[in-house]
Amino acid sequence: MSSSPNTLFFRIETVHDVSSARRKGLMLAMDMGFQTADATKIAVVISELGRNIVSYAGKGTITVLSQAGDNSRKYIKIIADDRGPGIKNLNQVLDGGYTTSGGMGLGVSGSRKLMDEFNIRTGEGEGTTITALKWL
Amino acid sequence: MYFSGIQKLDNLLLVSVPRDLVDDEVIQLRRDVLQAIRQFKSQIVLLDFSQVDICDSFFGRFIYGTSQMTKLMGAKVIISGLQDAVIETMVELGMTLPDVDAVLDLDDALELTSRMFKRNGKLGGADADNEAMPDDDDKVLAK
């Protein structure tokens, strides 16, 4: 992991990487002043998106950006990026309950509910980039 | 590092779930629980989550799966100690864990199980479960 004051960067290949990323994301959110429930949501979104990278793409990255300056509204942005197969049935995935990995199918749909802004860029064979933001 | 915090208390199995378990440790914990149920002939398994501050969908599946497997062994899972932030996150994520009974903390869990045994001598079937369950106000995620 490398980091600057406002950025945490994680290479994601195993569930251990996911565990480390979510723990550090939780600490960052708490340090920024997020309430515990919101910090927990940020950590869980990192976990869900990280798990998807491990399950579907094998490897990828998660970047956690924080805007914590005095003059602008604070936020945390999570960017989960992989070069895997992409999401084929995006609408079903967004509806929730759809899975091809044996999970609960809540990763993407649930993460969207936990965050304030949520964007997906994906295409078959083109990988997936999910950007999720939570305002303080 | 995985540490199996499983204790036998009479007919109960008290399982203190550590935080930050990774997937293979979660699966190992479940296997240890099932083995302990058989070894001690436990009738109730208290899964205490008071140390857990991040609960994602994999973890939710662990709770639900453990509850189902325990049922097939003739025992019952009660979960306790879920933190407010964890509960809010789980429910908003979509994990409502139907059929899994919960109490607020370990004290409530011990009181409940004590009542269950007092009424029934031993934990009986579904009727015994229902009679001994706490009022709705006492439940956290129970359906």
Side-chain angles (χ1 to χ4, degrees), chain A residues 12-30 34-55 62 78 80 93-99 101-116 118 132 134, chain B residues 1-4 17-31 47-69 77 79 81-100 102 104-105 140-141 143:
Chain A
I12 303 292
E13 291 186 37
T14 70
V15 289
H16 292 271
D17 299 330
V18 177
S19 178
S20 172
R22 70 187 179 208
R23 173 61 52 194
K24 293 188 170 87
L26 177 73
M27 289 164 60
L28 174 67
M30 296 293 285
F34 278 91
Q35 288 192 31
T36 308
D38 291 328
T40 303
K41 289 172 192 175
I42 288 165
V44 166
V45 170
I46 292 170
S47 191
E48 297 293 342
L49 300 183
R51 281 187 182 286
N52 281 355
I53 289 173
V54 174
S55 297
I62 286 185
I78 302 162
V93 168
L94 287 172
D95 286 343
Y98 178 81
T99 179
S101 68
M104 297 172 89
L106 295 175
V108 172
S109 64
S111 293
R112 187 163 73 150
K113 293 176 195 161
L114 295 180
M115 301 296 279
D116 297 322
F118 198 83
K134 193 159 203 58
Chain B
M1 197 182 90
Y2 170 64
F3 170 72
S4 173
V17 181
R19 76 175 199 182
D20 282 339
L21 290 181
V22 293
D23 300 13
D24 50 354
E25 294 168 334
V26 170
I27 291 165
Q28 188 58 52
L29 174 62
R30 180 157 67 199
R31 288 177 180 164
L47 288 181
D48 182 61
F49 285 89
S50 50
Q51 296 177 62
V52 175
D53 57 359
I54 302 172
C55 185
D56 66 5
S57 61
F58 183 88
F59 220 80
R61 201 149 49 100
F62 155 73
I63 297 172
Y64 188 69
T66 303
S67 171
Q68 298 298 303
M69 291 174 196
V77 158
I79 61 177
L82 284 175
Q83 297 175 17
D84 298 358
V86 171
I87 292 170
E88 183 177 319
T89 303
M90 284 173 69
V91 173
E92 287 190 14
L93 188 66
M95 287 190 293
T96 51
L97 302 180
D99 305 325
V100 178
L104 197 55
D105 56 26
V140 179
L141 286 176
K143 192 170 183 181

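So that the names make sense, note that chain A is the first sequence line, chain B the second, and so on, each numbered from 1.
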Bottom line for B:Asp84: the part with an atom under 4.5 Å from chain A's heavy atoms is neither
Result for side-chain contact (heavy atoms from CB on, under 4.5 Å) between B:Val17 and one of B:Asp48, B:Thr66, B:Ile63, B:Leu29 points to B:Leu29
Please determine, among [options], the option with the most heavy-atom pairs under 4.5 Å with chain B.
{"options": "A:Leu114, A:Val45, A:Leu26", "value": "A:Leu114"}
{"options": "A:Lys113, A:Arg112, A:Arg51, A:Glu48", "value": "A:Arg51"}
{"options": "A:Asp38, A:Val18, A:Thr40, A:Thr14", "value": "A:Thr40"}

- Query: What's the verdict on side chain to side chain contact (heavy atoms under 4.5 Å, CB included) for B:Arg61 and B:Phe58, showing C-alpha distance, side-chain angles and the deciding distance?
  - Reply: CA-CA 5 Å; B:Arg61 201 149 49 100; B:Phe58 183 88; 3.5 Å; yes
Under 4.0 Å between a side-chain nitrogen and a carboxylate oxygen: does that hold for A:Lys41 and A:Asp116?
no
Residues at least two apart in sequence or cross-chain that pass ring-ring contact (aromatic ring centres under 6.0 Å, His included) with A:Phe118, listed by chain then number, are none
Cut-off 4.5 Å, heavy atoms of chain B, and the answer for A:Arg22 is both
Next on the checklist: Less than 4.5 Å apart, side chain to side chain, heavy atoms only: is that true for A:Met30 and A:Thr36?
Outcome noted: yes
Given B:Val86, B:Asp53, B:Asp24, the one with more heavy-atom pairs under 4.5 angstrom with chain A than any other is B:Asp53
